[in-house]
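All values reported here derive from a predicted model rather than from experimental measurement.
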Amino acid sequence: MLLPILLVVLAVYLFQKWTYSHWKRRGVPQLNPAFPFGNVADTFKQRTSYSNRLAELHHQAVRDGHRFVGIYTLLQPILLVTDVELVKRMLTVDFEHFVDRGAHVNEKRDPLSGHLFSLTGAKWRRMRLKLTPAFTTAKLKAMFPTMMACGRTLSAVIDDHVGRALAIRDLMTRFTMDVIASVGFGLECNSMRNPDELFRQMGGRFFSKSWKTSVRMLLAFVAPKINRYLQVKLNDDDVEEYMLNLVRDTIAKREGGGEVRKDFIQLLVQLRNQVEVKDGGSWEMNKVDQNKTLTVEEMAAQSFVFLNAGYETTSSTVTFCLFELCRNKDLIGKVQEEIDRVMDGGKGISYEALAEMTYLESCIDETLRKYPISPVLFRVCTKPYKIPETDVVIEKDTLVQISLVGLQRDKRYYEDPVKFDPDRYGERKSETMPHYSFGDGPRVCIGLRMGKVMAKMALVELLSRYDFELESPAADSGEIELDPSLLMLQAKHDVKLIPRLRAK
């Protein structure tokens with residue numbers, strides 16, 4: 001009995017020794033892993049988030065003088081790149097070697113996974129080409145009045161809480177959900193007034209705080225090769241069915257000619273029926289083509305990523321920005337002065353007015369630098385790549401990751417990187433300051449402008465009408481605690497702010 005046990009132990013020992021020597025055998029420096037979690041044991045034990053653990057590994061590699069280093073997630077080898085020039089090359093000049101993100105995609109078993117963020121190769125290129133016209137300045141301007149309707153509701157809700165502590169992130173998730181429901185799906189959600197609204201429940205499940213969500217995210221984005229065998233879906237069946245039925249119903253209404261709205265799903269319906277989508281073009285359905293270019297599942301997947309990408313990034317960006325401004329009173333004063341100046345004469349908030357608010361833009365940029373909501377850039381090597389100035393060749397199918405928390409808080413590139421300093425930008429902005437919160441190159445986030453417009457509109461709506469202060473004075477000096485269970489950057493505890501009407 002003892003001999004079989006010893007043989008099993010020996011086999012496991014040899015297996016893990018061989019697996020964890022992957023980078024050494026290729027002449028790449030590596031950070032020492034431990035079986036069975038590799039370099040991220042604390043993440044799987046939910047003691048620290050994957051983004052923070054990757055940032056720790058980034059800084060450790062930098063201290064050791066490495067431009068890149070090998071790490072392991074479970075048994076999966078990953079190349080962590082820490083040098084900004086190499087990052088820039090991989091995302092832009094040498095993009096053809098790193099076209100794909102390597103994230104989980106299984107369009108048959110998990111149809112909502114087949115979206116633009118995760119699609120690969122030629123299919124990604126075709127989908128990107130189709131969707132790009134939906135995010136032009138003209139299209140965003142057409143959707144802006146719909147966004148503003150949600151902004152007015154936001155102010156009305158805060159009016160009911162003047163002088164009382166308000167959980168700002170919870171409110172901002174509901175605001176963002178209402179905006180996306182309206183401009184993305186043509187729905188009047190109103191979760192700001194009704195937090196239990198069904199669309200909010202279903203849409204919010206993707207980011208629910210649970211062990212199950214954490215495992216799904218890690219397998220989908222951090223260990224996709226393992227997930228090819230486990231086949232863990234990104235969404236529960238009832239969420240998937242809800243989204244598919246919602247898109248089917250909307251298609252039926254729009255193709256039937258009974259409803260026309262200036263929203264994202266209208267553009268998808270036009271694309272599905274080969275109606276040309278262009279700036280200044282009509283939003284009408286002038287034909288229903290029998291040769292559909294998008295399936296219901298493809299439309300549902302693009303709509304779902306539109307929801308998920310906008311939901312978390314906007315709500316958390318506004319929350320983090322308000323937190324930092326509230327503990328830097330001179331900065332919040334400068335933002336309000338700019339808002340008052342641009343909106344002088346009661347012109348109100350417009351798309352053009354937001355574009356003039358350059359200091360507010362810098363505050364958002366600095367928020368996203370310090371708190372990149374999608375804190376890791378994922379890439380997979382699609383064809384062998386020789387790292388410049390080295391003899392190292394990255395093999396095809398190798399997973400590559402870039403820690404944005406590490407890179408954007410790196411003392412080599414940012415003086416006093418933990419300090420919230422919007423004045424880093426404007427005239428002082430330098431190309432040596434890495435800022436990849438929306439990615440870069442051909443796979444830069446397609447919704448970058450829409451995300452910024454939503455965040456700016458919300459902040460202008462809030463700061464033009466209210467002064468805010470932190471409920472807890474102790475928060476003025478401490479750093480915000482991040483949730484260790486999530487892949488995205490999110491505060492562990494909601495930020496409590498007390499709104500007061502501004503005296504003008």
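The cationic group of R500 does not satisfy the cation-pi geometry with Y466, failing either the under 6.0 Å distance to the six-membered ring centre or the 45° limit from the ring axis.
Ion pairing between D416 and R424 fails under the 4.0 Å rule for side-chain N and carboxylate O. The existence of a salt bridge linking R261 and E188 is confirmed by a sub-4.0 Å separation between a basic side-chain nitrogen and an acidic carboxylate oxygen. Ionic pairing of D42 and R47 is present here: one or more N-O contacts between side-chain nitrogen and carboxylate oxygen are shorter than 4.0 angstrom. Between R502 and E337, none of the side-chain N atoms (NZ, or NE/NH1/NH2) sits under 4.0 Å from a carboxylate O, so this pair counts as no salt bridge. Between E312 and R169 a salt bridge is recorded (basic side-chain N to carboxylate O distance below 4.0 Å).
Contact of the Q60 side chain with the R63 side chain is registered, since non-hydrogen atoms from C-beta on lie closer than 4.5 Å. Side-chain contact between K139 and M450 is absent, with no heavy atoms from C-beta onward closer than 4.5 Å. At least one side-chain heavy atom of R465 sits under 4.5 Å from a side-chain heavy atom of D159. Side-chain contact check for R125 versus V99: some heavy-atom pair is nearer than 4.5 Å. Looking only at side-chain heavy atoms (C-beta outward), E197 and R174 stay at 4.5 Å or farther from each other. Here the side chains of F68 and T390 are in contact, with some heavy-atom distance below 4.5 Å. In this structure, the side chains of V376 and F378 come closer than 4.5 Å at one or more pairs of heavy atoms. You'll find the side chain of F323 stays beyond 4.5 Å of the side chain of T367, heavy atoms only.
Remark: the backbone N or O of V418 is paired with a side-chain donor or acceptor of K370 at under 3.5 angstrom. Without hydrogens or angle criteria, E361 side chain to A355 main chain gives no donor-acceptor distance under 3.5 Å. Although no hydrogens or angles enter the test, the distance criterion places no donor-acceptor pair under 3.5 Å between the side chain of S118 and the main chain of G114. In terms of modelled atom types and a separation under 3.5 Å, the side chain of Q336 and the main chain of L463 share a donor-acceptor contact. Checked by atom type and distance alone, the side chain of H435 never pairs as donor or acceptor with a backbone atom of Q408 at under 3.5 Å. Although no hydrogens or angles enter the test, the distance criterion places a donor-acceptor pair under 3.5 Å between the side chain of S362 and the main chain of T358. With hydrogens and angles ignored, the 3.5 Å screen pairs a side-chain donor or acceptor of K456 with a backbone N or O of L354. Checked by atom type and distance alone, the side chain of R67 never pairs as donor or acceptor with a backbone atom of L86 at under 3.5 Å. Without hydrogens or angle criteria, D94 side chain to H97 main chain gives no donor-acceptor distance under 3.5 Å.
With ring centers used as reference points, F185 lies under 6.0 Å from F199.
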- Task: Show your working on side chain to side chain contact (heavy atoms under 4.5 Å, CB included) between C363 and L325 and close with a plain yes or no.
- Result: CA-CA 9 Å; C363 289; L325 290 175; 4.1 Å; yes
- Task: Check the pair K141 / E352 against salt bridge (Lys or Arg N to Asp or Glu O under 4.0 Å), numbers first and verdict last.
- Result: CA-CA 9 Å; K141 287 176 69 174; E352 291 76 13; 2.9 Å; yes
- Apply side-chain hydrogen bond (donor to acceptor under 3.5 Å, both in side chains) to the pair Y385 and E96, showing each step before the final yes or no. CA-CA 10 Å; Y385 178 73; E96 63 183 59; over 6 Å; no
- Kindly indicate, with the supporting measurements, whether the criterion side-chain hydrogen bond (donor to acceptor under 3.5 Å, both in side chains) is fulfilled by S437 and R369. CA-CA 7 Å; S437 295; R369 177 200 68 82; over 6 Å; no
- Query: salt bridge (Lys or Arg N to Asp or Glu O under 4.0 Å) between R200 and D170: does it pass, once the steps are laid out?
  - Reply: CA-CA 12 Å; R200 190 214 177 192; D170 176 70; 3.3 Å; yes
- I would like to know whether K88 and D83 meet salt bridge (Lys or Arg N to Asp or Glu O under 4.0 Å); could you show each step before the answer? CA-CA 9 Å; K88 193 181 300 183; D83 177 71; over 6 Å; no
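With E338 as the partner, the side chain to side chain contact (heavy atoms under 4.5 Å, CB included) test is satisfied by one option alone out of M343, M357, E356: M357.
Using cut-offs of 30° and 60° on the angle between ring planes, the pair F264 and F135 is tilted.
Here R126 pairs with nothing under the salt bridge (Lys or Arg N to Asp or Glu O under 4.0 Å) rule; sequence neighbours left out. Residues meeting the salt bridge (Lys or Arg N to Asp or Glu O under 4.0 Å) test with R53, sequence neighbours left out: E56.
More than 12 heavy-atom neighbours from other residues, nucleotides or ligands sit within 6.0 angstrom of NZ on K329.
Using modelled atom types and a 3.5 Å distance limit, the side chains of E461 and S155 yield a donor-acceptor pair. Using modelled atom types and a 3.5 Å distance limit, the side chains of Y371 and E324 yield a donor-acceptor pair.
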